[in-house]
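By convention in this document, chain letters (A, B, ...) are assigned in the order of the sequence lines, proteins followed by strands, and residues within each chain are numbered from 1.
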Amino acid sequence: MPNMSDVIFPDVTLTPDEITQRYPQRCLPEGAQVTRFAPSPTGFLHIGGLFTAMINYRLAKKTGGVFFIRIEDTDKKREVEGGIELITKGLEDFGIIADEGFTSTGQKGGYGPYQQSQRRDIYRVFAKKLMDEGKAYPCFMTEGELEEIRAEQEKNKQNPGIYGQYAKYRGITPDEAQKLIDEGRSFVVRLRSCGDESRRIKFKDSIRGKIEMPENIQDTVILKADGIPTYHFAHVIDDHLMGTTTVIRGDEWISSVPIHLQMFYMLGFKAPNYAHVAPIMKEENGGKRKLSKRKDPEAAVSFYREAGYPMQSVSEYLMTIASSAYEDFRRANPRADVGEFNFELRKMSQSGALFDLNKLNDVSKNTISRMTADTVYDLAADWAKEYDAGLYSLLSRDEGYSKGIFAIDRDNPKPRKDIAKWSEVRDYVAFMFDELFLRPSAELLAKYDAADAKAVLAAYAGVYDQNDSKDEWFERMKTVCDTLGFARETKAYKQSPESYKGHIGDVSTIIRAAVTGRTNTPDLYYIEQLLGYERVVGRIKEFAESL
RNA sequence: GGCCCGUUGGUCAAGUGGUCUAAGACUCCGGCCUCUCACGCCGGCUACAGGGGUUCGAAUCCCCUACGGGUCACCA
């Protein structure tokens, strides 16, 4: 009588030991964590995937360990051309660069290959080992049979699945298997579960604490009909061989942990620590639901790039979701590198956070306010180059000029926080470029007497001096106040409003409207300095005539 | 439906039996500062899902209910 594994795995010649020797124990300092991100190459970087990857990365970095990227391409149907590069490149934009495995420039590291489709032989060796030990068997059930069983179970209100009496092929003999194979029947390899429903399996999740569940009793598929492993089996083999110490993944995997733990046990492997992160949610009809790739554009990381959020801002926002202590850290260390933050898994929230655009905007404004004018220019121009060509040509026409705009009120302890995303830049800088400058309408000054406004503009145009220091400039505006009957101090006006036409604020508003076409802008002095005498006085005169 | 997990203001959250008449952040609304805006500062609105226990004492521990999420594939 032939051996079952010879019937099923005639192609497998290597032994588990030979494989294991290729994956020596890692030499890492005490406490170093080996983590990984294991995406499918679907060509779509989900914001939740980025989040998970970031947490994996941070933990590895914090502990002096290793972070690697492994491609889980065991389902060819979902694969997309260029999907791997899109994901690795996408992560690298956020500073998440793999120590091992896939980077945008290819694979590296000594524990590969890091792509499951290239590891077929490895999985088969261990599947064979399980079969040799009676822990796995071939199952020839057809789709129709599977459906019948499911229907029967449903009718009897039993749990669905292949276990106990429903595991029809548990007792198949090698001869019977050979016969079916000769008939051309296809088969999968199932685990011969050693679980007992009445026993409970306990494990400690690094984020959620103690979890306990009934043992797995399902004869889970480990090798599909095409000989490729299922996620479960690949996970166990890969993370064992690659030396992963902490598996950080989405919490949709929690319910599979009993299967995984059982496989580690049956294979004689030590199981890693698990950490299951809560998904990022979206508000809908008053409820919450997971951000969906299909329905929600904001689920894609590319959405934020297009909207003009700097990668840095998205990172920062995600960190605030990952750890509530992060905002305090950031306040205390505005310029520090994220790496200095003491990230801890156990402080992570266990329930899914609603994605909050308000908060992202706020975080982003703060993030941008900490950038230098040069950086703001570079990033804004990069964005514009791709999404707003008109703006790009204006910004890049005179780099120094453009940087000057972004420099206004930037290098001080309380920098302005006007910009949350690059798509706002066009509006922010509009009046600095004649091409975008909107001639002010008289409406802006509706609350003022037209004759007074004209007088203010004429007086100011007469005395404006491009060479003034800021103090001189301000003093000159006050002089205009004096000569035209406006109060040079707001307080003086408030004390006796009847003795003035208005105050310094009114005068500056009139001038601001003429020069910028708006009543609210950053510091007028610096704007005028950049604009230059001709344009300042020209705009003032033009506006005065229109009143 | 079975099994898991969760539930503190509109949102993110701190909180591990007394220091909780519950921190902080975002949003919103007032006010101050101020050449406008922004910044900053001050203040305000709004919360322990519900019910039972345990305890001198419960947001915190236990039980039940409700609600929300996840999972139950030859997808990951």
Side-chain angles (χ1 to χ4, degrees), chain A residues 38-40 42 72-75 77-78 116 139 141 143 146 150 154 157-162 186-190 197 205 208-209 211-214 218 220-232 234-235 249-258 276 278-279 281 283 286-290 317 320-321 323-328 330-331 347 349-363 365-366 369 408-409 412-419 473-474 477-478 481 488-490 503-513 516 518-525:
Chain A
S40 296
T42 56
E72 310 227 322
D73 54 350
T74 53
D75 183 13
K77 290 184 291 277
R78 310 193 345 162
Q116 292 180 333
C139 172
M141 237 182 277
E143 236 171 272
L146 251 17
R150 201 194 321 266
E154 205 163 309
K157 297 197 168 145
Q158 289 171 301
N159 288 330
I162 302 305
S186 75
F187 63 90
V188 299
V189 177
R190 308 191 95 107
E197 211 173 5
D205 185 287
R208 320 176 79 106
I211 295 180
E212 103 172 54
M213 281 185 252
Q218 301 273 348
T220 312
V221 172
I222 61 176
L223 249 35
K224 300 186 260 187
D226 54 9
I228 288 175
T230 54
Y231 168 85
H232 306 296
H235 152 54
R249 71 233 300 193
D251 72 356
E252 68 269 22
W253 291 110
I254 287 187
S255 51
S256 309
V257 172
H276 291 94
M281 316 286 276
E283 192 271 330
K288 282 183 180 183
R289 57 149 237 264
K290 209 166 152 180
Y317 173 64
T320 66
I321 290 186
S323 173
S324 62
Y326 188 73
E327 280 187 89
D328 289 335
R330 186 45 81 200
R331 245 191 301 282
K347 294 234 171 144
S349 173
Q350 311 191 13
S351 50
L354 221 45
F355 193 94
D356 186 347
L357 215 58
N358 275 329
K359 188 81 179 182
L360 204 216
N361 281 325
D362 181 69
V363 168
K365 281 183 180 177
N366 280 301
S369 78
I408 295 174
D409 276 347
N412 62 47
K414 296 178 186 174
R416 300 188 63 89
K417 300 181 181 177
D418 300 294
I419 306 170
W473 169 84
F474 198 46
M477 208 154 56
K478 288 187 171 180
C481 288
R488 60 187 291 136
E489 305 282 351
T490 313
H503 56 82
I504 177 77
D506 297 315
V507 168
S508 71
T509 296
I510 291 165
I511 299 167
R512 187 185 313 275
T516 68
R518 305 194 182 177
T519 52
N520 312 329
T521 72
D523 197 302
L524 225 208
Y525 170 74

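- Here the separation of B:C42 from B:C4, taken at their P atoms, is 48 Å to the nearest Å.
- The residue A:Y525 sits apart from the nucleic acid: no heavy atom pair falls under 4.0 Å.
- Using C1' as the reference atom, B:A25 and B:U46 are 15 Å apart when rounded to the nearest Å.
- Between the side chain of A:R416 and the base of B:C37, at least one donor-acceptor pair of N or O atoms lies under 3.5 Å.
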**Q.** Annotated protein contacts, base or backbone, on nucleotides 41-48 of chain B with a non-hydrogen cut-off under 4.0 Å, one of B, S, - each
**A.** --------
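- Taking the six-membered ring where the residue is Trp, A:H232 and A:W253 present perpendicular rings, their angle passing 60° and hence far from 30°.
- Within a 6.0 Å radius of CD in A:E154, other residues, nucleotides and ligands contribute 12 heavy atoms or fewer.
- Comparing the P positions of B:C28 and B:C48 gives a spacing of 24 Å, expressed to the nearest Å.
- Considering only side-chain N and O atoms, A:S324 lies under 4.0 angstrom from the phosphate OP1 or OP2 of B:A14.
- Going from the P atom of B:C41 to that of B:A59 covers 32 Å, rounded to whole Å.
- Taking 3.5 Å as the limit, the base of B:C39 and the side chain of A:N412 contain no donor-acceptor pair of atoms between them.
- For B:A23, there is no paired base (Watson-Crick or G-U wobble, both distances below 3.5 Å).
- Using a 4.0 Å heavy-atom cutoff across all strands shown, A:K417 reaches sugar-phosphate atoms only and no base atom.
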Q) Taking protein heavy atoms under 4.0 Å as touching, what does nucleotides 67-76 of chain B look like 5' to 3' if B marks base contact, S marks sugar-phosphate-only contact and - marks none? A) -SSSSSSBBB
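- For B:G6, the paired nucleotide is B:C67, the pair qualifying as Watson-Crick or G-U wobble because both relevant distances are below 3.5 Å.
- Using a 4.0 Å heavy-atom criterion, one finds that A:D409 contacts no nucleic acid atom at all.
- Dashed line: the shortest gap from a side-chain N or O of A:K365 to OP1 or OP2 of B:A38 is not under 4.0 Å.
- Residue A:Q350 places at least one side-chain N or O under 4.0 Å from the OP1 or OP2 atom of B:G6.
- Backbone-only engagement by A:S349 is indicated by non-hydrogen atom pairs under 4.0 Å involving sugar-phosphate atoms exclusively.
- Residue A:H276 forms a side-chain hydrogen bond (donor to acceptor under 3.5 Å, both in side chains) with just one option from A:E252, A:R249, A:R208, and that option is A:R249.
- In terms of polar N and O atoms assigned as donor or acceptor, the side chain of A:R518 never comes within less than 3.5 Å of the base of B:C37 in a complementary pairing.
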(Q) A:D418 vs A:R416, test: salt bridge (charged side-chain N to carboxylate O under 4.0 Å, His left out). Steps then yes/no. (A) CA-CA 6 Å; A:D418 300 294; A:R416 300 188 63 89; 2.6 Å; yes
